Amino acid sequence: MSTPPARSLSRVLEDLGPTLLDLLHGDPRAPGELGGVGIHDPHDEQHYPERAIVLGVGVHGGDEIRRLLRELGRLGAAALVVRGPVEDDATLEAAATDSGVALLSLTRGASWAQLAAMLRTLLAEGDVGGAGKQTLGGVPSGDLFALANAIATLLDAPITIEDRRSRILAFSGRQDEADTARVASILARRVPERYLRIHEEHGVFKELYRSQKPVHIPPPTLGDEVALPRVAIAVRAGDEILGSVWAAVRGPLTPEREEAFQEAAKLVALHMLRLRAGTDAEYRLRADLVTTALEGGAGAVEALGRLGLAHGPLLVMALGLPPRTDADHARVTAERQRLASALAVHLSAVRPRSAVALLGDVAYALFPVPGGTATARERAVQVASNFLERTGDRTGAVIGIGSLAPEPAALARSRANADRALRVLTAGPGARRVAAIGDVHIDALLIEMRDLAAANRDELSDSLAQLVAYDRRHNAHLVETLRAWLDALGDAITASASVFVHPNTFRYRVRRVAEVGGLDLGDPVARFAAMLELRLMGLYDSET
(Lines give C-alpha, C1' and ligand atoms only; values in the text may rest on other atoms or scores of the structure.)
Protein backbone atom coordinates (compact mmCIF):
# COMPACT_ATOMS: atom_id res chain seq x y z
CA MET A 1 0.00 0.00 0.00
CA SER A 2 1.45 3.38 -1.05
CA THR A 3 1.47 5.92 1.78
CA PRO A 4 1.90 9.66 1.10
CA PRO A 5 4.79 11.40 2.88
CA ALA A 6 4.10 12.08 6.57
CA ARG A 7 4.52 15.85 6.15
CA SER A 8 2.17 16.23 3.19
CA LEU A 9 -1.36 17.63 3.24
CA SER A 10 -2.72 14.54 1.49
CA ARG A 11 -1.27 12.37 4.28
CA VAL A 12 -2.91 14.56 6.93
CA LEU A 13 -6.28 14.17 5.21
CA GLU A 14 -5.77 10.43 4.80
CA ASP A 15 -5.05 9.97 8.52
CA LEU A 16 -7.41 12.50 10.10
CA GLY A 17 -10.29 12.74 7.67
CA PRO A 18 -13.22 12.40 7.61
CA THR A 19 -13.24 11.75 11.37
CA LEU A 20 -11.69 15.16 12.12
CA LEU A 21 -11.07 17.00 8.84
CA ASP A 22 -12.88 17.50 5.53
CA LEU A 23 -11.35 19.07 2.42
CA LEU A 24 -13.61 21.86 1.15
CA HIS A 25 -11.43 23.43 -1.53
CA GLY A 26 -7.88 23.21 -2.81
CA ASP A 27 -5.43 20.59 -4.04
CA PRO A 28 -4.13 18.29 -1.27
CA ARG A 29 -1.47 16.95 -3.65
CA ALA A 30 0.23 20.33 -4.07
CA PRO A 31 4.02 19.88 -3.98
CA GLY A 32 6.00 20.71 -0.87
CA GLU A 33 6.03 19.49 2.72
CA LEU A 34 4.03 21.11 5.50
CA GLY A 35 6.35 23.25 7.59
CA GLY A 36 4.40 23.15 10.85
CA VAL A 37 1.21 24.16 12.64
CA GLY A 38 0.17 27.78 13.25
CA ILE A 39 -2.72 29.26 15.22
CA HIS A 40 -4.40 32.37 13.82
CA ASP A 41 -4.62 35.27 16.25
CA PRO A 42 -6.28 38.41 14.82
CA HIS A 43 -4.85 40.53 17.64
CA ASP A 44 -1.20 39.59 17.14
CA GLU A 45 1.41 39.86 14.40
CA GLN A 46 1.47 36.57 12.56
CA HIS A 47 4.66 34.55 11.94
CA TYR A 48 4.04 31.07 10.53
CA PRO A 49 6.45 28.38 9.36
CA GLU A 50 6.82 28.01 5.60
CA ARG A 51 3.79 26.09 4.21
CA ALA A 52 2.06 26.01 7.58
CA ILE A 53 -1.33 24.47 8.22
CA VAL A 54 -3.09 27.29 10.07
CA LEU A 55 -5.87 26.71 12.61
CA GLY A 56 -8.48 29.45 12.20
CA VAL A 57 -9.82 29.35 15.74
CA GLY A 58 -12.87 31.61 15.99
CA VAL A 59 -12.92 32.36 12.24
CA HIS A 60 -16.51 32.37 10.96
CA GLY A 61 -18.37 33.61 7.91
CA GLY A 62 -17.47 33.75 4.25
CA ASP A 63 -16.04 37.27 4.30
CA GLU A 64 -13.65 36.52 7.15
CA ILE A 65 -12.56 33.20 5.62
CA ARG A 66 -11.92 34.79 2.21
CA ARG A 67 -9.90 37.62 3.75
CA LEU A 68 -7.81 35.16 5.78
CA LEU A 69 -7.21 32.91 2.75
CA ARG A 70 -5.80 35.89 0.82
CA GLU A 71 -3.59 36.89 3.78
CA LEU A 72 -2.30 33.32 4.23
CA GLY A 73 -1.57 33.09 0.52
CA ARG A 74 0.75 36.09 0.82
CA LEU A 75 2.43 34.46 3.85
CA GLY A 76 3.03 31.16 2.00
CA ALA A 77 0.71 28.96 4.11
CA ALA A 78 -0.46 25.60 2.76
CA ALA A 79 -3.90 25.20 4.36
CA LEU A 80 -6.49 26.88 6.58
CA VAL A 81 -8.72 24.92 8.96
CA VAL A 82 -12.01 26.47 10.12
CA ARG A 83 -14.78 25.07 12.28
CA GLY A 84 -17.47 23.25 10.30
CA PRO A 85 -20.08 23.39 8.99
CA VAL A 86 -19.15 26.10 6.49
CA GLU A 87 -21.72 27.81 4.27
CA ASP A 88 -20.02 27.13 0.97
CA ASP A 89 -20.24 29.19 -2.20
CA ALA A 90 -18.27 29.73 -5.38
CA THR A 91 -16.38 32.69 -3.93
CA LEU A 92 -14.73 30.48 -1.30
CA GLU A 93 -13.53 28.08 -3.97
CA ALA A 94 -12.17 30.98 -6.00
CA ALA A 95 -10.40 32.44 -2.95
CA ALA A 96 -8.78 29.08 -2.17
CA THR A 97 -7.69 28.64 -5.79
CA ASP A 98 -6.33 32.18 -6.15
CA SER A 99 -4.43 32.08 -2.85
CA GLY A 100 -3.10 28.53 -3.29
CA VAL A 101 -4.26 27.78 0.26
CA ALA A 102 -6.42 24.68 0.78
CA LEU A 103 -9.55 25.17 2.91
CA LEU A 104 -10.42 22.43 5.43
CA SER A 105 -13.20 22.13 7.98
CA LEU A 106 -12.92 20.70 11.51
CA THR A 107 -15.67 18.31 12.54
CA ARG A 108 -18.14 19.68 15.07
CA GLY A 109 -17.36 18.27 18.53
CA ALA A 110 -13.61 17.96 17.99
CA SER A 111 -11.42 20.39 19.94
CA TRP A 112 -8.72 22.59 18.46
CA ALA A 113 -6.26 21.34 21.09
CA GLN A 114 -6.83 17.73 19.98
CA LEU A 115 -6.34 18.66 16.33
CA ALA A 116 -3.16 20.62 17.07
CA ALA A 117 -1.71 17.70 19.06
CA MET A 118 -2.49 15.20 16.30
CA LEU A 119 -1.09 17.42 13.57
CA ARG A 120 2.15 17.93 15.48
CA THR A 121 2.40 14.17 15.98
CA LEU A 122 2.07 13.58 12.24
CA LEU A 123 4.51 16.34 11.32
CA ALA A 124 7.12 15.46 13.94
CA GLU A 125 8.93 12.77 11.93
CA GLY A 126 12.41 13.96 11.03
CA ASP A 127 11.78 17.40 12.54
CA VAL A 128 15.19 17.62 14.22
CA GLY A 129 18.56 16.59 12.91
CA GLY A 130 17.59 15.63 9.38
CA ALA A 131 18.12 11.89 9.86
CA GLY A 132 17.29 9.64 6.97
CA LYS A 133 14.07 7.65 6.90
CA GLN A 134 14.00 4.09 8.20
CA THR A 135 11.31 1.44 7.82
CA LEU A 136 10.05 -1.46 9.91
CA GLY A 137 7.95 -4.02 8.09
CA GLY A 138 7.66 -1.70 5.09
CA VAL A 139 6.21 1.15 7.19
CA PRO A 140 8.20 4.30 8.12
CA SER A 141 9.75 3.70 11.54
CA GLY A 142 7.59 4.98 14.38
CA ASP A 143 4.76 6.02 12.05
CA LEU A 144 1.84 4.49 13.94
CA PHE A 145 -0.79 6.14 11.73
CA ALA A 146 0.61 4.45 8.63
CA LEU A 147 0.80 1.18 10.54
CA ALA A 148 -2.82 1.49 11.68
CA ASN A 149 -3.90 1.97 8.06
CA ALA A 150 -1.88 -1.07 7.00
CA ILE A 151 -3.50 -3.25 9.69
CA ALA A 152 -6.93 -1.90 8.74
CA THR A 153 -6.30 -3.09 5.18
CA LEU A 154 -5.28 -6.56 6.39
CA LEU A 155 -8.35 -6.95 8.63
CA ASP A 156 -10.79 -4.91 6.53
CA ALA A 157 -11.80 -3.02 9.70
CA PRO A 158 -11.06 0.39 11.26
CA ILE A 159 -8.18 0.22 13.76
CA THR A 160 -6.99 2.12 16.82
CA ILE A 161 -3.61 1.73 18.52
CA GLU A 162 -3.80 2.52 22.25
CA ASP A 163 -1.37 2.76 25.15
CA ARG A 164 -1.76 1.08 28.56
CA ARG A 165 -4.04 3.90 29.75
CA SER A 166 -6.38 3.56 26.75
CA ARG A 167 -5.18 6.77 25.13
CA ILE A 168 -5.40 6.77 21.34
CA LEU A 169 -1.89 6.87 19.89
CA ALA A 170 -2.98 6.46 16.26
CA PHE A 171 -5.97 5.37 14.21
CA SER A 172 -6.69 4.24 10.69
CA GLY A 173 -9.06 5.64 8.12
CA ARG A 174 -12.65 4.43 7.71
CA GLN A 175 -13.57 5.31 11.30
CA ASP A 176 -16.92 6.53 9.97
CA GLU A 177 -17.73 2.85 9.34
CA ALA A 178 -17.45 2.10 13.07
CA ASP A 179 -19.84 3.22 15.83
CA THR A 180 -20.52 6.06 18.26
CA ALA A 181 -18.10 4.65 20.84
CA ARG A 182 -15.23 4.65 18.35
CA VAL A 183 -15.97 8.17 17.11
CA ALA A 184 -16.13 9.43 20.73
CA SER A 185 -12.76 7.78 21.42
CA ILE A 186 -11.14 9.41 18.39
CA LEU A 187 -12.50 12.85 19.23
CA ALA A 188 -11.40 12.64 22.88
CA ARG A 189 -8.08 10.94 21.95
CA ARG A 190 -8.86 8.35 24.62
CA VAL A 191 -11.53 5.72 25.33
CA PRO A 192 -14.42 7.31 27.30
CA GLU A 193 -14.71 6.32 30.96
CA ARG A 194 -18.13 4.67 30.55
CA TYR A 195 -16.70 2.14 28.09
CA LEU A 196 -13.62 1.52 30.23
CA ARG A 197 -15.83 0.73 33.24
CA ILE A 198 -17.77 -1.85 31.21
CA HIS A 199 -14.53 -3.50 30.02
CA GLU A 200 -13.16 -3.59 33.56
CA GLU A 201 -16.39 -5.05 34.98
CA HIS A 202 -16.29 -7.85 32.40
CA GLY A 203 -12.58 -8.55 32.89
CA VAL A 204 -11.68 -7.55 29.33
CA PHE A 205 -8.30 -6.05 30.20
CA LYS A 206 -7.29 -9.00 32.40
CA GLU A 207 -8.02 -11.41 29.57
CA LEU A 208 -6.40 -9.13 26.99
CA TYR A 209 -3.13 -8.79 28.90
CA ARG A 210 -3.05 -12.48 29.80
CA SER A 211 -3.65 -13.83 26.30
CA GLN A 212 -1.14 -14.05 23.47
CA LYS A 213 -3.95 -14.23 20.91
CA PRO A 214 -6.66 -11.80 19.76
CA VAL A 215 -9.53 -11.42 22.23
CA HIS A 216 -13.10 -11.18 20.92
CA ILE A 217 -15.18 -8.64 22.85
CA PRO A 218 -18.98 -8.43 22.48
CA PRO A 219 -20.48 -4.98 21.95
CA PRO A 220 -21.24 -3.07 25.18
CA THR A 221 -24.87 -2.46 26.13
CA LEU A 222 -25.51 1.22 26.73
CA GLY A 223 -29.21 2.00 26.41
CA ASP A 224 -30.23 2.49 22.79
CA GLU A 225 -26.64 2.97 21.63
CA VAL A 226 -25.63 0.51 18.92
CA ALA A 227 -22.03 -0.70 18.99
CA LEU A 228 -19.95 -3.13 16.97
CA PRO A 229 -18.02 -6.05 18.43
CA ARG A 230 -14.30 -5.59 18.94
CA VAL A 231 -11.26 -7.77 18.45
CA ALA A 232 -8.23 -6.62 20.44
CA ILE A 233 -4.72 -7.87 20.99
CA ALA A 234 -2.08 -6.81 23.49
CA VAL A 235 1.17 -5.26 22.26
CA ARG A 236 4.12 -6.78 24.11
CA ALA A 237 7.85 -6.27 24.36
CA GLY A 238 8.97 -9.29 26.33
CA ASP A 239 7.10 -9.14 29.64
CA GLU A 240 6.21 -5.46 29.22
CA ILE A 241 2.73 -4.53 27.99
CA LEU A 242 3.13 -1.50 25.72
CA GLY A 243 -0.52 -1.13 24.76
CA SER A 244 -3.10 -2.76 22.51
CA VAL A 245 -4.61 -2.73 19.03
CA TRP A 246 -8.40 -2.67 18.59
CA ALA A 247 -10.45 -3.51 15.51
CA ALA A 248 -14.15 -2.68 15.17
CA VAL A 249 -15.55 -5.69 13.28
CA ARG A 250 -18.94 -6.82 12.03
CA GLY A 251 -18.18 -10.51 12.34
CA PRO A 252 -15.53 -12.97 13.56
CA LEU A 253 -12.08 -12.83 12.02
CA THR A 254 -11.04 -15.66 9.79
CA PRO A 255 -8.12 -17.81 11.05
CA GLU A 256 -5.89 -16.17 8.45
CA ARG A 257 -6.80 -12.69 9.67
CA GLU A 258 -6.32 -13.69 13.31
CA GLU A 259 -2.82 -14.87 12.46
CA ALA A 260 -2.17 -11.65 10.54
CA PHE A 261 -3.42 -9.67 13.57
CA GLN A 262 -0.96 -11.49 15.84
CA GLU A 263 1.93 -10.76 13.50
CA ALA A 264 0.83 -7.16 13.17
CA ALA A 265 0.88 -6.75 16.96
CA LYS A 266 4.54 -7.77 16.98
CA LEU A 267 5.26 -5.12 14.36
CA VAL A 268 3.36 -2.53 16.41
CA ALA A 269 5.59 -3.38 19.37
CA LEU A 270 8.70 -2.73 17.29
CA HIS A 271 7.34 0.61 16.11
CA MET A 272 6.32 1.64 19.64
CA LEU A 273 9.75 0.75 20.98
CA ARG A 274 11.40 2.57 18.09
CA LEU A 275 9.16 5.57 18.69
CA ARG A 276 10.04 5.57 22.38
CA ALA A 277 13.75 5.24 21.64
CA GLY A 278 13.49 7.85 18.92
CA THR A 279 11.75 10.25 21.30
CA ASP A 280 14.54 9.81 23.84
CA ALA A 281 17.19 10.25 21.15
CA GLU A 282 15.44 13.29 19.71
CA TYR A 283 15.17 14.83 23.17
CA ARG A 284 18.89 14.30 23.76
CA LEU A 285 19.69 15.71 20.33
CA ARG A 286 17.48 18.75 20.92
CA ALA A 287 19.08 19.31 24.34
CA ASP A 288 22.53 19.14 22.73
CA LEU A 289 21.51 21.61 20.02
CA VAL A 290 19.98 24.03 22.54
CA THR A 291 23.13 23.79 24.70
CA THR A 292 25.36 24.50 21.71
CA ALA A 293 23.22 27.44 20.68
CA LEU A 294 23.21 28.90 24.21
CA GLU A 295 27.00 28.80 24.36
CA GLY A 296 27.06 31.17 21.41
CA GLY A 297 30.27 29.73 19.99
CA ALA A 298 31.23 28.64 16.49
CA GLY A 299 28.65 25.83 16.45
CA ALA A 300 25.74 28.07 17.48
CA VAL A 301 24.79 29.00 13.91
CA GLU A 302 24.63 25.37 12.77
CA ALA A 303 22.70 24.34 15.90
CA LEU A 304 20.16 27.11 15.36
CA GLY A 305 19.84 26.08 11.72
CA ARG A 306 19.00 22.49 12.70
CA LEU A 307 16.45 23.82 15.19
CA GLY A 308 14.90 26.04 12.52
CA LEU A 309 15.94 29.22 14.40
CA ALA A 310 18.73 30.52 12.21
CA HIS A 311 16.95 33.72 11.22
CA GLY A 312 15.53 36.46 13.41
CA PRO A 313 16.12 37.63 16.99
CA LEU A 314 15.65 35.33 19.98
CA LEU A 315 15.06 35.59 23.70
CA VAL A 316 16.15 32.99 26.25
CA MET A 317 13.66 31.94 28.92
CA ALA A 318 14.80 30.10 32.05
CA LEU A 319 12.19 28.04 33.92
CA GLY A 320 13.07 26.95 37.45
CA LEU A 321 11.61 25.78 40.74
CA PRO A 322 12.30 27.39 44.13
CA PRO A 323 14.69 25.48 46.43
CA ARG A 324 13.08 22.64 48.41
CA THR A 325 15.14 21.24 51.25
CA ASP A 326 12.59 18.60 52.27
CA ALA A 327 11.50 17.41 48.80
CA ASP A 328 12.27 14.05 47.25
CA HIS A 329 14.97 14.51 44.59
CA ALA A 330 13.41 12.05 42.12
CA ARG A 331 10.02 13.71 42.42
CA VAL A 332 11.45 17.19 41.89
CA THR A 333 13.39 15.95 38.84
CA ALA A 334 10.21 14.46 37.37
CA GLU A 335 8.39 17.71 38.08
CA ARG A 336 11.06 19.69 36.25
CA GLN A 337 10.84 17.35 33.25
CA ARG A 338 7.04 17.60 33.21
CA LEU A 339 7.16 21.39 33.32
CA ALA A 340 9.82 21.50 30.58
CA SER A 341 7.63 19.34 28.32
CA ALA A 342 4.57 21.46 29.08
CA LEU A 343 6.51 24.64 28.30
CA ALA A 344 7.63 23.15 24.97
CA VAL A 345 4.01 22.41 24.01
CA HIS A 346 2.86 25.87 25.12
CA LEU A 347 5.56 27.75 23.24
CA SER A 348 5.17 25.68 20.08
CA ALA A 349 1.54 26.79 19.88
CA VAL A 350 2.68 30.44 19.99
CA ARG A 351 5.94 30.18 18.02
CA PRO A 352 6.16 26.76 16.31
CA ARG A 353 9.97 26.85 16.05
CA SER A 354 10.59 27.46 19.75
CA ALA A 355 13.03 24.98 21.31
CA VAL A 356 13.07 23.83 24.95
CA ALA A 357 15.55 21.60 26.78
CA LEU A 358 16.08 20.75 30.43
CA LEU A 359 19.72 21.42 31.26
CA GLY A 360 20.53 20.52 34.86
CA ASP A 361 17.92 22.10 37.13
CA VAL A 362 16.74 24.71 34.62
CA ALA A 363 14.60 24.37 31.50
CA TYR A 364 15.82 26.81 28.83
CA ALA A 365 13.68 27.97 25.93
CA LEU A 366 14.85 29.62 22.72
CA PHE A 367 11.92 31.88 21.88
CA PRO A 368 11.86 33.65 18.49
CA VAL A 369 10.49 37.20 18.73
CA PRO A 370 9.82 39.93 16.18
CA GLY A 371 10.09 43.64 16.85
CA GLY A 372 12.30 45.77 19.07
CA THR A 373 13.57 45.07 22.55
CA ALA A 374 10.58 46.49 24.45
CA THR A 375 8.03 44.75 22.24
CA ALA A 376 9.91 41.46 22.41
CA ARG A 377 10.20 41.60 26.20
CA GLU A 378 6.51 42.40 26.66
CA ARG A 379 5.52 39.53 24.37
CA ALA A 380 7.80 37.05 26.14
CA VAL A 381 6.52 38.11 29.58
CA GLN A 382 2.93 37.71 28.39
CA VAL A 383 3.55 34.24 26.95
CA ALA A 384 5.44 33.08 30.07
CA SER A 385 2.74 34.47 32.37
CA ASN A 386 0.01 32.67 30.41
CA PHE A 387 1.94 29.42 30.76
CA LEU A 388 2.31 29.73 34.54
CA GLU A 389 -1.37 30.68 34.90
CA ARG A 390 -2.34 27.48 33.10
CA THR A 391 -0.03 25.26 35.15
CA GLY A 392 -1.20 26.78 38.44
CA ASP A 393 0.81 27.83 41.48
CA ARG A 394 1.18 24.41 43.13
CA THR A 395 4.73 23.91 41.88
CA GLY A 396 5.90 27.45 42.52
CA ALA A 397 7.62 27.53 39.11
CA VAL A 398 9.09 30.85 37.98
CA ILE A 399 10.48 32.08 34.65
CA GLY A 400 13.34 34.53 34.08
CA ILE A 401 13.65 36.18 30.67
CA GLY A 402 16.97 37.29 29.23
CA SER A 403 17.96 40.13 26.95
CA LEU A 404 17.25 40.22 23.22
CA ALA A 405 19.75 38.26 21.11
CA PRO A 406 19.70 39.71 17.57
CA GLU A 407 22.45 37.28 16.46
CA PRO A 408 23.74 33.89 17.69
CA ALA A 409 26.75 35.42 19.43
CA ALA A 410 24.40 37.26 21.81
CA LEU A 411 22.63 34.12 23.02
CA ALA A 412 25.19 33.44 25.76
CA ARG A 413 24.51 36.89 27.23
CA SER A 414 20.74 36.36 26.93
CA ARG A 415 21.06 33.07 28.82
CA ALA A 416 23.20 34.68 31.54
CA ASN A 417 20.61 37.43 31.97
CA ALA A 418 17.77 34.90 32.06
CA ASP A 419 19.66 33.08 34.85
CA ARG A 420 20.09 36.38 36.70
CA ALA A 421 16.37 37.14 36.48
CA LEU A 422 15.55 33.59 37.55
CA ARG A 423 17.78 33.92 40.60
CA VAL A 424 15.99 37.09 41.69
CA LEU A 425 12.66 35.25 41.48
CA THR A 426 13.92 32.24 43.46
CA ALA A 427 15.84 34.29 46.06
CA GLY A 428 12.76 34.58 48.24
CA PRO A 429 8.97 34.15 48.22
CA GLY A 430 7.09 36.83 46.33
CA ALA A 431 4.02 37.49 44.21
CA ARG A 432 6.07 37.89 41.01
CA ARG A 433 6.53 34.67 39.02
CA VAL A 434 7.82 36.09 35.71
CA ALA A 435 10.48 38.76 35.26
CA ALA A 436 12.60 40.06 32.41
CA ILE A 437 16.13 41.07 33.29
CA GLY A 438 15.31 44.68 32.45
CA ASP A 439 12.67 44.69 35.19
CA VAL A 440 14.88 43.22 37.94
CA HIS A 441 18.32 44.46 36.93
CA ILE A 442 18.98 46.31 40.22
CA ASP A 443 17.85 43.31 42.29
CA ALA A 444 20.20 41.10 40.28
CA LEU A 445 23.07 43.51 40.89
CA LEU A 446 22.39 43.49 44.63
CA ILE A 447 22.46 39.69 44.73
CA GLU A 448 25.75 39.70 42.84
CA MET A 449 27.18 42.32 45.20
CA ARG A 450 26.14 40.15 48.12
CA ASP A 451 27.93 37.19 46.53
CA LEU A 452 31.04 39.31 46.01
CA ALA A 453 30.97 40.51 49.61
CA ALA A 454 30.62 36.95 50.84
CA ALA A 455 33.44 35.71 48.58
CA ASN A 456 35.73 38.49 49.82
CA ARG A 457 34.63 37.92 53.42
CA ASP A 458 33.90 41.62 53.68
CA GLU A 459 32.99 42.94 57.10
CA LEU A 460 30.42 45.56 57.99
CA SER A 461 31.45 49.19 57.88
CA ASP A 462 32.46 50.68 61.22
CA SER A 463 29.25 52.66 61.51
CA LEU A 464 26.89 49.72 60.94
CA ALA A 465 29.09 47.37 62.97
CA GLN A 466 28.75 49.71 65.97
CA LEU A 467 24.94 49.91 65.53
CA VAL A 468 24.63 46.10 65.31
CA ALA A 469 26.81 45.65 68.39
CA TYR A 470 24.85 48.26 70.35
CA ASP A 471 21.51 46.56 69.48
CA ARG A 472 22.83 43.21 70.66
CA ARG A 473 24.17 44.56 73.95
CA HIS A 474 21.16 46.70 74.84
CA ASN A 475 18.36 44.89 73.01
CA ALA A 476 17.82 48.13 71.14
CA HIS A 477 16.47 48.85 67.64
CA LEU A 478 18.88 51.31 66.10
CA VAL A 479 19.43 49.31 62.85
CA GLU A 480 15.67 48.99 62.40
CA THR A 481 15.30 52.72 63.05
CA LEU A 482 17.93 53.63 60.46
CA ARG A 483 16.31 51.38 57.85
CA ALA A 484 12.85 52.84 58.47
CA TRP A 485 14.16 56.44 58.36
CA LEU A 486 16.00 55.85 55.08
CA ASP A 487 13.02 54.07 53.49
CA ALA A 488 10.78 57.03 54.43
CA LEU A 489 13.31 59.52 53.03
CA GLY A 490 13.74 61.14 56.42
CA ASP A 491 10.01 61.57 57.15
CA ALA A 492 9.87 60.79 60.89
CA ILE A 493 6.05 60.58 61.00
CA THR A 494 5.86 57.97 58.24
CA ALA A 495 8.90 56.07 59.49
CA SER A 496 7.68 55.92 63.09
CA ALA A 497 4.33 54.54 61.95
CA SER A 498 6.06 51.77 59.98
CA VAL A 499 7.79 50.49 63.16
CA PHE A 500 4.87 51.30 65.49
CA VAL A 501 6.75 53.86 67.60
CA HIS A 502 5.70 57.33 68.78
CA PRO A 503 7.25 60.04 66.56
CA ASN A 504 9.10 61.63 69.48
CA THR A 505 10.57 58.28 70.49
CA PHE A 506 11.54 57.66 66.89
CA ARG A 507 13.29 61.05 66.62
CA TYR A 508 15.25 60.25 69.75
CA ARG A 509 16.35 56.91 68.24
CA VAL A 510 17.47 58.65 65.06
CA ARG A 511 19.69 60.93 67.13
CA ARG A 512 21.12 57.86 68.89
CA VAL A 513 21.83 56.28 65.44
CA ALA A 514 23.92 59.31 64.51
CA GLU A 515 25.69 59.33 67.86
CA VAL A 516 26.43 55.58 68.23
CA GLY A 517 27.26 54.96 64.57
CA GLY A 518 28.99 58.25 63.93
CA LEU A 519 26.80 58.77 60.88
CA ASP A 520 26.24 62.16 59.26
CA LEU A 521 22.64 61.66 58.14
CA GLY A 522 22.71 65.02 56.38
CA ASP A 523 25.34 63.71 53.95
CA PRO A 524 23.68 62.16 50.83
CA VAL A 525 26.73 59.95 50.18
CA ALA A 526 26.60 58.58 53.74
CA ARG A 527 22.85 57.97 53.40
CA PHE A 528 23.28 56.10 50.11
CA ALA A 529 26.11 53.94 51.52
CA ALA A 530 24.04 53.07 54.59
CA MET A 531 20.97 52.27 52.48
CA LEU A 532 22.97 50.02 50.15
CA GLU A 533 24.65 48.17 53.01
CA LEU A 534 21.33 47.67 54.80
CA ARG A 535 19.80 46.30 51.60
CA LEU A 536 22.64 43.83 51.27
CA MET A 537 22.16 42.82 54.90
CA GLY A 538 18.47 42.23 54.22
CA LEU A 539 19.32 39.88 51.35
CA TYR A 540 22.05 38.15 53.36
CA ASP A 541 20.11 37.08 56.44
CA SER A 542 23.07 35.48 58.23
CA GLU A 543 24.66 38.92 58.52
CA THR A 544 21.66 40.59 60.17
Side-chain angles (χ1 to χ4, degrees), residues 294 315-329 331-333 335-340 342-343 356 358-365 367 377-378 380-389 391-404 412-461 464 468 479-480 482-484 486-487 498 528-544:
L294 289 174
L315 276 175
V316 176
M317 295 183 182
L319 168 68
L321 295 175
R324 300 179 187 177
T325 56
D326 58 344
D328 177 73
H329 176 72
R331 184 172 62 81
V332 173
T333 300
E335 186 73 17
R336 288 193 181 101
Q337 183 61 68
R338 184 187 67 81
L339 285 169
L343 179 63
V356 178
L358 182 62
L359 307 178
D361 295 339
V362 179
Y364 291 100
F367 185 64
R377 183 171 64 223
E378 290 172 5
V381 168
Q382 179 188 29
V383 170
S385 299
N386 289 341
F387 169 73
L388 293 180
E389 286 173 8
T391 57
D393 56 6
R394 180 181 60 84
T395 64
V398 291
I399 296 177
I401 298 171
S403 49
L404 187 70
R413 182 169 62 88
S414 182
R415 176 191 180 173
N417 284 330
D419 285 333
R420 296 172 72 203
L422 180 63
R423 190 173 179 202
V424 172
L425 295 172
T426 56
R432 177 180 286 185
R433 298 183 64 193
V434 175
I437 186 59
D439 300 325
V440 294
H441 185 231
I442 300 302
D443 294 310
L445 284 175
L446 287 171
I447 291 176
E448 290 155 7
M449 290 176 66
R450 181 196 69 188
D451 292 343
L452 181 61
N456 292 335
R457 299 184 179 181
D458 289 340
E459 298 178 352
L460 292 174
S461 66
L464 280 182
V468 169
V479 172
E480 178 188 58
L482 177 59
R483 182 184 289 113
L486 290 170
D487 287 346
S498 70
F528 174 76
M531 183 179 291
L532 179 59
E533 193 168 7
L534 286 170
R535 181 62 63 90
L536 293 177
M537 287 174 59
L539 290 171
Y540 202 13
D541 292 335
S542 62
E543 292 285 328
T544 60

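Keep in mind it's a predicted model, so treat the numbers as computed, not measured.
Residues Leu339 and Leu343 form no side-chain contact, since every pair of their non-hydrogen atoms from C-beta on lies 4.5 Å or further apart.
Contacts of Asp439 classified as side chain to side chain contact (heavy atoms under 4.5 Å, CB included), with partners at least two apart in sequence or in another chain: Arg377, Arg432, Ala436. For Ser385, the side chain to side chain contact (heavy atoms under 4.5 Å, CB included) partners at least two apart in sequence or on another chain are Val381, Val434. Considering only residues two or more places apart in sequence or on other chains, Asn386 meets the side chain to side chain donor-acceptor pair (under 3.5 Å) condition with none of them. Residues satisfying the side chain to side chain donor-acceptor pair (under 3.5 Å) criterion with Ser403, sequence neighbours excluded, are Arg413, Asn417. Here Glu448 pairs with Arg420 under the side chain to side chain donor-acceptor pair (under 3.5 Å) rule; sequence neighbours left out. Contacts of Phe387 classified as ring-ring contact (aromatic ring centres under 6.0 Å, His included), with partners at least two apart in sequence or in another chain: His346.
Here Met531 contributes atom CE and Leu482 contributes atom CG; the two are 8.5 Å apart, rounded to the nearest 0.5 Å. The structure places CZ of Arg415 at 5.0 Å from CG of Leu294, a figure rounded to the nearest 0.5 Å. Atoms OH and OG, from Tyr364 and Ser414 in turn, are 11.0 Å apart once rounded to the nearest 0.5 Å. Rounding to the nearest 0.5 Å gives a distance of 9.5 Å between CG of Leu425 and CD1 of Ile401.
Taking both residues in full, the closest heavy atoms of Ile437 and Gly402 are given as CG2-C, 4.0 Å, listed atom of the first, atom of the second, then distance. Ala435 and Val440 get closest at one heavy-atom pair: CB-CG1, 3.8 Å. Of all heavy-atom pairs between Gly400 and Ala421, the closest is CA-CB, 3.8 Å. A pairwise comparison of heavy atoms in Ala363 and Leu358 identifies N-CD1, 3.7 Å as the closest pair.
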Chi angles and distances behind the side chain to side chain contact (heavy atoms under 4.5 Å, CB included) call for Leu532, Leu446: CA-CA 9 Å; Leu532 179 59; Leu446 287 171; 3.5 Å; yes

Check against side chain to side chain contact (heavy atoms under 4.5 Å, CB included), Leu319 and Val356: CA-CA 10 Å; Leu319 168 68; Val356 178; over 6 Å; no

Derivation of the side chain to side chain contact (heavy atoms under 4.5 Å, CB included) call for Asp443 and Ile447: CA-CA 6 Å; Asp443 294 310; Ile447 291 176; 5.6 Å; no

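Look at Glu480 and Arg483 and you find no salt bridge, because none of the NZ, NE, NH1 or NH2 atoms lies under 4.0 Å from a carboxylate O.
Put simply, the side chain of Arg433 gets close to the backbone of Ala397: a donor and an acceptor are under 3.5 Å apart.
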